[in-house]
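Take a look at the structure set out below.
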Amino acid sequence: LERELKALLGEDAVLPGSTRAYLSDATESRNLTGRADAIALPKNADQVAHTVEWCYEHNVPVIPRGGGTGFTGGAVPLDGGVVLSLERINKIRHLDPGLWRAAAEAGMTTSDLRRRARENGLFYPPDPGSAEQSQLGGNIATNAGGPHAFKYGVTGAWISGLEVVLAPGELVRIGGPFRKEIGRAHV
């Protein structure tokens, strides 16, 4: 399994399944630790799609992983499979302050996006307690919030489009940069 994934993604993009840092999330303190067959570290969305396709064809479970800060056990490989870590997919593809818009990758940390927004005169309000380690993909998957959610809403309120990989390895785009404003008068 590791050998085939290395041929697909490159030698530096696959770790042994025993790599401890990828076998638990914040629930580790409650003795929730799993076991994986391999850890995949793709560099872009196409490599994610190829990994998901390979796992689908070989009937291997895929466990997506962000920063591992969750308390739900969602990033824990309970019964083997490939942990698909998105940590290397961590850039802003484009930032357009004039339109209040950014396209950020799933592995970018919440604090990095907040900092980049602030540097460009914008404000990204979702503020989960683990903002230094939590990644945007995990925030979206769990609809993370934090104290600012009471005033500004949770992560889902700030997302207008997604690029996702579906089984059997299909890369699709959902939504987009425009949002319909319902109930607002425009002058």
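These values consider heavy atoms only, across backbone and side chains, with no hydrogens, waters or symmetry-generated copies. Nothing fancy with the numbering, it's 1 onward along the sequence.
- Residues meeting the salt bridge (charged side-chain N to carboxylate O under 4.0 Å, His left out) test with D37, sequence neighbours left out: R35.
- Considering CG of L32 and CG of L78, their distance stands at 6.0 Å, rounded to 0.5 Å.
- With sequence neighbours excluded, the residues satisfying side-chain hydrogen bond (donor to acceptor under 3.5 Å, both in side chains) with H58 are W54.
- Linking Ile, Leu, Val, Met, Phe, Trp and Tyr residues whenever their side-chain heavy atoms come within less than 4.5 Å places W100 and L136 in a single cluster.
- Taking CG of D46 as the start and OG1 of T51 as the end, the distance is 10.5 Å to the nearest 0.5 Å.
- Summarising the geometry of D25 relative to G74, their closest heavy-atom pair is OD2-N, 3.8 Å, with the distance given to 0.1 Å.
- Here the CZ-CD distance, from R114 to E132, works out to 10.0 Å after rounding to the nearest 0.5 Å.
- Annotation: side chain of L8 is not in contact with side chain of V14 (no heavy-atom distance under 4.5 Å).
- Shortest non-hydrogen contact noted between V154 and A144 is CB-O, 3.5 Å.
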Criterion side chain to side chain contact (heavy atoms under 4.5 Å, CB included) on I63 and V76, from CA distance to verdict:
CA-CA 7 Å; I63 302 89; V76 179; over 6 Å; no
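- Taken from CG in N139 to OG1 in T155, the straight-line distance is 4.5 Å, to the nearest 0.5 Å.
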Show which side-chain atoms of residues 163-171 pair as donor or acceptor with protein atoms under 3.5 Å away, not counting sequence neighbours.
| residue | atom | partner | partner atom | Å |
| --- | --- | --- | --- | --- |
| E163 | OE1 | R93 | NH1 | 3.0 |
| E163 | OE1 | R93 | NH2 | 2.8 |
| E163 | OE2 | R173 | NE | 3.4 |
| E163 | OE2 | R173 | NH2 | 2.7 |

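- Sequence neighbours left out, not one pair with a member in residues 18-40 passes ring pair (Phe, Tyr, Trp, His ring centres under 6.0 Å).
- Within 6.0 Å of CZ on F150 lie no more than 12 heavy atoms contributed by other residues, nucleotides or ligands.
- Between V82 and P61 the shortest side-chain heavy-atom distance does not fall below 4.5 Å.
- Using a 4.5 Å cut-off on side-chain heavy atoms (C-beta onward), Q133 and S130 make contact.
- Salt-bridge formation is detected for the pair R88/D12: a Lys NZ or Arg NE/NH1/NH2 atom is positioned less than 4.0 Å from an Asp or Glu carboxylate oxygen.
- Taking the side chain as every heavy atom from C-beta outward, L162 and I140 approach each other to under 4.5 Å.
- Residues I92 and L122 share a hydrophobic cluster, clusters being chains of Ile/Leu/Val/Met/Phe/Trp/Tyr side chains in contact below 4.5 Å.
- Here K43 contributes atom NZ and L86 contributes atom CG; the two are 15.0 Å apart, rounded to the nearest 0.5 Å.
- Both L113 and L95 are assigned to one and the same hydrophobic cluster, defined by single-linkage of ILVMFWY side chains at heavy-atom distances under 4.5 Å.
- Here the shortest heavy-atom pairing between P126 and W158 reads CG-CD1, 3.8 Å.
- Between A38 and E2 the shortest heavy-atom distance is CB-CG, 3.9 Å.
- The stretch residues 137-149 participates, sequence neighbours left out, in no salt bridge (Lys or Arg N to Asp or Glu O under 4.0 Å) pair at all.
- Sequence neighbours left out, the pairs with a member in residues 71-85 that pass side chain to side chain donor-acceptor pair (under 3.5 Å) are S85-E87.
- N59 contributes no side-chain N or O that, together with a main-chain N or O of C55, makes up a donor-acceptor pair within less than 3.5 Å.
- Grouping the Ile, Leu, Val, Met, Phe, Trp and Tyr side chains by contacts below 4.5 angstrom, directly or via other members, places Y124 with Y152.
- Looking only at distances, no side-chain donor or acceptor of Q135 sits under 3.5 Å from a matching main-chain atom of M108.
- Residues L9 and V48 do not share a hydrophobic cluster, clusters being chains of Ile/Leu/Val/Met/Phe/Trp/Tyr side chains in contact below 4.5 Å.
- The closest side-chain heavy-atom distance from T109 to N90 is not below 4.5 Å.
- Side-chain atoms of I39 and P16, non-hydrogen and from C-beta on, never get closer than 4.5 Å to each other.
- Across every non-hydrogen atom of T69 and A26, the tightest pair is O-CB, 3.4 Å.
- To the nearest 0.5 Å, atoms NE2 (H148) and CG (D127) are separated by 4.5 Å.
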Start with the C-alpha distance between S134 and T110, add both sets of side-chain angles, then the distance that settles side chain to side chain donor-acceptor pair (under 3.5 Å), and finish with yes or no.
CA-CA 6 Å; S134 71; T110 310; 2.8 Å; yes
